[in-house]
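Computed from heavy atoms alone, side chains included, the values below leave out hydrogens, waters and symmetry copies. Keep in mind it's a predicted model, so treat the numbers as computed, not measured. In listed order, ligands and their atoms are each counted from 1. Quick note: residue numbers are just sequence positions, from 1.
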Amino acid sequence: MGETPKKRLNIQELISGIVNGDIVSLSKAITIIESDNINDKSDSNKIISSCIKEKSNSIRIGITGVPGVGKSTFIETLGDHLTSIGHKVAVLAIDPTSSVNHGSILGDKTRMSTLVNNKNAFIRPSPTSSHYGGVAKRTRESIILCEAAGYDIILVETVGVGQNEISVSEMVDFFLLLKLSGAGDELQGIKRGIIEMADAIIINKADGDNIENSNKAKSEFAMAIKLYPIKKSKWTPKVMTCSSINSSGIKPIWELILEYISVTNENNFFNQNRKNQNKYWLLQTINDKLQSNFFGNEKIKKELEKQYNLLDKNKTTPFAAAEILLKI
Ligand code: GDP
């Protein structure tokens, strides 16, 4: 009996803490959101509903690239620049590998050691995946909490694996692809679809002996980009070089992002895109829920095994088996 009011008070306190920019409350609330515990679900919903009402003029930026390209170094340098000009920066990550092997791709190494100690930066590692909806959905919800806590720049880092970039591009305003210059084979090995998603391609590690190669890579990408159809945002993606180690090129990248925000505010894409993203996450959440309900159902689990067996023996077809399962 006594527990409910106490619990309610705590959640209310937690929400006030978030809104007052208290990092401990924010971290605790994100942990509740990431929890698989069914009892946390209603608290989680309460927190999100309250936080979503808070006004925010945030800019959400997605950053992707293969391991080793320099994502964390880039984020550290960009984050330092942004906090030095008065912004509050939250860094969230989506790492699909974190649940598969303990040493995830984004890594447990001490990353972003300067930014970690910056009082205007908040860094949260990737949630681990679970049966109930993906890693990305939790990150998407964490964005809302960080914004309510006053972080006006949200950096979402992801590793270039699987479907992650799609999820990230559906939760950010600006999508940035980090690349390295190679020996003239820049366009090879690039995942299809990524270029279409990118609002900027940044050739990182443009320093020392690598400057010339980086400029060459920049020209190649700039030419390649021209072949792609005009984006819905009407924004023409840009290619730039930078060095995350010596900070050269970082300021121009931020100015580019501001230019994008101004262009897409003017043509109303910015707002429209966020509305579309909300619809995407609504449908995504329904899909996740339907799937987990379906595959979590004991009767269906049993029937599925039976149908697999029949399928192996050529006694049914995938389509007939699906019909039977969907009727349960
Ligand atoms: P991530 O795996 O994409 O997060 O990459 P990291 O940020 O961990 O960087 C991988 C390695 O590249 C590290 O040894 C960095 O010091 C190095 N690195 C990152 N950015 C630069 C850069 O701009 N120039 C140079 N020369 N090295 C860099």
Side-chain angles (χ1 to χ4, degrees), residues 61-84 89-118 121-128 135-136 139 153-162 164-165 167-169 172 174-183 186 189-191 194-195 197-218 221 238-257:
I61 302 164
I63 294 160
T64 192
V66 295
V69 71
K71 289 180 297 300
S72 53
T73 315
F74 175 82
I75 288 171
E76 176 133 283
T77 309
L78 179 66
D80 271 348
H81 173 61
L82 293 174
T83 54
S84 78
V89 178
V91 181
L92 305 172
I94 298 184
D95 182 351
T97 58
S98 57
S99 61
V100 181
N101 53 352
H102 290 297
S104 59
I105 294 184
L106 286 179
D108 302 324
K109 58 189 163 150
T110 314
R111 311 176 84 239
M112 306 177 205
S113 48
T114 318
L115 212 52
V116 162
N117 294 315
N118 185 326
F122 173 78
I123 300 177
R124 180 83 185 183
S126 175
T128 47
V135 182
T139 301
I153 311 282
I154 313 289
L155 303 178
V156 184
E157 173 190 14
T158 190
V159 84
V161 168
N164 278 301
E165 282 102 352
S167 310
V168 174
S169 74
V172 297
F174 189 91
F175 195 65
L176 193 154
L177 169 66
L178 279 188
K179 291 292 293 177
L180 289 177
S181 66
E186 280 71 22
I190 193 161
K191 251 164 71 183
I194 291 285
I195 299 226
M197 269 181 232
D199 296 303
I201 297 178
I202 308 294
I203 321 286
N204 189 35
K205 306 198 189 181
D207 44 42
D209 293 345
N210 215 14
I211 295 184
E212 204 177 308
N213 272 343
S214 302
N215 285 330
K216 238 173 85 191
K218 178 182 157 179
F221 275 114
K238 303 284 187 309
V239 188
M240 293 176 117
T241 60
C242 84
S243 167
S244 303
I245 290 227
N246 68 23
S247 299
S248 67
I250 295 291
K251 229 174 115 186
I253 292 169
W254 176 238
E255 281 157 10
L256 181 78
I257 295 172

Which of the atoms in ligand 1, numbered in the order shown and given with their element, are less than 4.0 Å from a heavy-atom of [X]?
X	result
Asp207	22 (C), 23 (O), 24 (N), 25 (C), 26 (N)
Asn204	20 (N), 21 (C), 23 (O)
Pro67	2 (O)
Ser72	4 (O), 6 (P), 7 (O), 8 (O)
Ser244	20 (N), 22 (C), 23 (O)

*Ignoring hydrogens, just give me the one of Asn210, Ile245, Ile250, Thr241 whose non-hydrogen atom is nearest atom 28 (C) of ligand 1.*
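The residue whose heavy atom sits nearest atom 28 (C) of ligand 1 is Ile245.
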*Applying a strict 4.0 Å limit to heavy atoms, is Val66 in contact with ligand 1?*
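Per 4.0 Å heavy-atom rule, Val66 contacts ligand 1.
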*Can you find a non-hydrogen atom of Gly65 under 4.0 Å from ligand 1?*
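Outside the 4.0 Å threshold, so no.
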*Indicate yes or no for a side-chain donor-acceptor contact from Thr77 to the backbone of Ser247 under 3.5 Å, with no hydrogens or angles considered.*
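The answer is no, because no donor-acceptor pair under 3.5 Å joins these two groups.
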*Just by distance, do the side chain of Asn204 and the backbone of Val69 share a donor-acceptor pair under 3.5 Å?*
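It does hold such a pair.
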*Partners of Ile211 by side-chain contact (heavy atoms from CB on, under 4.5 Å), sequence neighbours excluded?*
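Partners of Ile211 by the side-chain contact (heavy atoms from CB on, under 4.5 Å) criterion, ordered by chain and then number, come out as Asn215.
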_So, taking the atom named CG in Leu178 and the one named NZ in Lys71, what distance separates them when rounded to the nearest 0.5 Å?_
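NZ of Lys71 is found 7.5 Å from CG of Leu178.
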*asked:* I need the Ile63 CD1 to Leu78 CG distance, nearest 0.5 Å.
replied: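 Rounded to the nearest 0.5 Å, the CD1-CG separation comes to 6.0 Å.
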*Any residue meeting ring pair (Phe, Tyr, Trp, His ring centres under 6.0 Å) with Phe175, in chain and number order, not counting sequence neighbours*: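 Once residues adjacent in sequence are excluded, Phe175 has no partner under the ring pair (Phe, Tyr, Trp, His ring centres under 6.0 Å) criterion.
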*For ligand 1, find out whether one of its N or O atoms is nearer than 3.5 Å to an N or O atom of Gly68.*
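Gly68 vs ligand 1: N/O contact under 3.5 Å present.
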*Hey, does Gly70 come in under 3.5 Å of ligand 1, counting only N/O atoms on both sides?*
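Right, the criterion is met.
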*asked:* For the CD atom on Glu255, are there more than 12 heavy atoms of other groups (residues, nucleotides or ligands in this structure) within a distance under 6.0 Å?
replied: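 Yes - once you tally the heavy atoms of other residues, nucleotides and ligands closer than 6.0 Å, there are more than 12.
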